[in-house]
Amino acid sequence: MCTEVDGSLTKHHTCGRPSSTSGRGHIEQRGRDSWRVEVWRGGKRYRKSVRGTREDAEQELTALLRAADLGIVVEPRRMTVGEFLVQWIEATRMKLRPRTVERYAGIIENHVRPVLGVVPLQRITPLDLERAYAEWLRGGLSARTVAQHHRMLHRALQDAVTWGLISTNPVAKASPPRWDPPEMRALDRDEVMQLMAAVRGTRIEAIVVLALATGMRRGELLGLRWRDVDLEDGVLRVAQALQRLDNGLASTTPKTRESVRQVKIGPEAATVLRRQKLLIQKARLAWGPAWQGDKWDLVFPREDGQPLSPNWLSAAFRRAVEKAGFKPPLPRFHDLRHTFTTLQAAAGTPIHVISKMLGHSDVMTTLRIYAHVLPVQQSQAALAADQLLSDALAAANSMPARKEL
């Protein structure tokens with residue numbers, strides 16, 4: 001007697017090969033607590049032995065069917081790490097951002113497969129991973145890059161666990177190399193004035209203003225469309241971001257679900273955007289039929305209306321800070337986001353509000369990245385409490401003393 005599963009249908013019958021090859025499978029009891037799980041895919045049969053209860057076997061069957069539906073078609077016992085990763089990137093492509101797919105595919109092809117590709121998936125150990133990390137470091141990769149490889153492998157092999165291809169994730173027990181993230185730099189008041197003087201009248205002036213006013217990411221600013229700008233109410237809708245892919249520039253969804261958000265702007269930023277709109281209208285007239293901006297509707301396009309390259313913006317910003325006389329380490333464009341956050345914290349804006357404005361996935365992300373700005377809020381809170389206590393004591397001292405309670 002065995003259990004055959006076809007989608008959501010479960011039925012008992014004497015085991016036999018199903019006539020359909022659409023991914024059906026069944027469970028056969030082999031012993032008291034031993035089971036054999038089988039799935040048919042593309043005319044081939046894949047088996048997996050399971051020890052435990054019938055419920056354990058049914059869970060393994062569901063995972064194996066899910067893997068088959070996603071295109072993981074190599075028999076688990078024979079699958080290598082390289083084979084799995086190639087199929088994994090294809091199976092998860094629709095869940096990842098295009099740039100992430102390209103980056104992961106490059107990591108797999110150039111680094112992971114040459115070192116771990118022939119290791120059987122079901123036999124890979126934390127020691128195998130530690131050796132791979134050491135080899136990548138000896139080969140000249142930075143600790144940060146190897147840590148990124150570690151995160152990708154953790155994600156991929158966790159999916160392998162979910163799909164029932166392996167029982168545990170060996171990456172969880174491996175230790176990636178430690179690395180120090182680049183130091184954040186928040187511009188102070190004088191540096192902001194110094195920067196604005198340097199970008200005055202340049203093509204990046206309005207972009208810099210909006211970055212300081214909203215904390216938006218580089219790709220979000222370059223992907224901002226006029227249809228998402230409400231100058232009357234002073235609201236911007238962050239609905240897409242611009243990214244460079246191997247085949248050129250493309251609009252993608254923002255970094256996280258929470259990154260799709262509305263951002264308020266003040267009168268000064270609104271004035272700068274109105275001026276930017278006039279400049280674009282003049283450019284459209286000057287270019288005539290050659291104007292290509294109607295398709296993109298971008299707030300910050302090239303002269304002909306097409307998207308600006310993120311790399312061009314970073315290079316232009318670097319030239320601006322050099323012109324302004326900043327000393328190394330020079331601020332990066334992303335540091336304008338840090339400046340915005342620090343200014344908000346100094347103004348006493350609650351951390352959960354800052355997190356929402358930045359488009360972070362949760363408050364803990366904001367706390368982890370910007371823990372250095374919290375002492376500012378703590379100092380202000382202490383001063384506010386001290387002032388309240390001082391006022392209360394002064395008021396109490398002006399009143400007649402009460403008798404002992």
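Note that the structure is predicted; figures quoted are calculated from it, not measured.
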Sequence neighbours left out, what passes side-chain hydrogen bond (donor to acceptor under 3.5 Å, both in side chains) with [X]? Give chain and number order.
| X | value |
| --- | --- |
| E109 | R113 |
| E135 | none |
| T145 | S142 |

Donor-acceptor pairs under 3.5 angstrom involving side-chain atoms of residues 350-359: please list them, not counting sequence neighbours.
from, atom 1, to, atom 2, distance (Å)
S355, OG, D362, O, 3.3
S355, OG, T366, OG1, 2.9

Exercise. Taking atom CD of Q240 and atom CH2 of W296, what is their separation to the nearest 0.5 Å?
Worked result: 8.5 Å
Exercise. In Å, rounded to the nearest 0.5 Å, how long is the span from OG1 of T349 to CG of L343?
Worked result: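 It comes to 9.5 Å.
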For this session: Using the side chain to side chain contact (heavy atoms under 4.5 Å, CB included) rule, take V299 and L210 through it: C-alpha gap first, then chi angles, then the decisive distance, then the call.
Result: CA-CA 11 Å; V299 175; L210 208 59; 5.6 Å; no
For this session: Step by step, work out the side chain to side chain contact (heavy atoms under 4.5 Å, CB included) result for V112 and I107.
Result: CA-CA 6 Å; V112 180; I107 292 173; 3.8 Å; yes
For this session: Can you sort out the partners of H149 under ring pair (Phe, Tyr, Trp, His ring centres under 6.0 Å), two or more places apart, ordered by chain and number?
Result: H111, W136
Problem set entry | Any side-chain donor near an acceptor of the partner, T92 and R155, under 3.5 Å |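 No, R155 and T92 have no side-chain donor paired with an acceptor closer than 3.5 Å.
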Exercise. Just by distance, with hydrogens left out, do R218 and S314 show a side-chain donor and acceptor under 3.5 Å apart?
Worked result: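 Short answer, yes.
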For this session: Kindly confirm or rule out a cation-pi arrangement of R302 over W312, judged by NZ or CZ under 6.0 Å from the six-membered ring centre and within 45° of its axis?
Result: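 Not flagged: R302 not positioned over aromatic ring of W312.
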Main-chain N/O of [Y] paired with [X] side-chain donor or acceptor, under 3.5 Å:
| X | Y | answer |
| --- | --- | --- |
| W35 | G52 | yes |
| D159 | A156 | no |
| E191 | D188 | yes |
| E130 | S175 | yes |
| D297 | R227 | yes |

For this session: Could I get the full list of salt bridge (Lys or Arg N to Asp or Glu O under 4.0 Å) partners for D190, not counting sequence neighbours?
Result: none
Problem set entry | Evaluation steps, salt bridge (Lys or Arg N to Asp or Glu O under 4.0 Å), between R284 and D294 | CA-CA 9 Å; R284 180 186 286 110; D294 293 336; 3.4 Å; yes
With a sphere of 6.0 Å drawn around [atom1] of [X], does it hold more than 12 non-hydrogen atoms of other residues, nucleotides or ligands?
| X | atom1 | value |
| --- | --- | --- |
| R318 | CZ | no |
| E322 | CD | yes |
| R237 | CZ | no |
| E55 | CD | no |
| R123 | CZ | no |

Exercise. Are D128 and T125 side-chain neighbours, meaning at least one heavy-atom pair lies under 4.5 Å?
Worked result: yes
Problem set entry | Note, R261 side chain near H360 side chain (heavy atom, < 4.5 Å) |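 A side-chain contact is absent here, since even the closest heavy-atom pair is not under 4.5 Å.
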For this session: Take H150 and V146 through the side chain to side chain contact (heavy atoms under 4.5 Å, CB included) test and state the conclusion after the steps.
Result: CA-CA 6 Å; H150 168 87; V146 175; 5.7 Å; no
Exercise. Step by step, would you call V238 with D228 a side chain to side chain contact (heavy atoms under 4.5 Å, CB included)?
Worked result: CA-CA 7 Å; V238 182; D228 297 320; over 6 Å; no
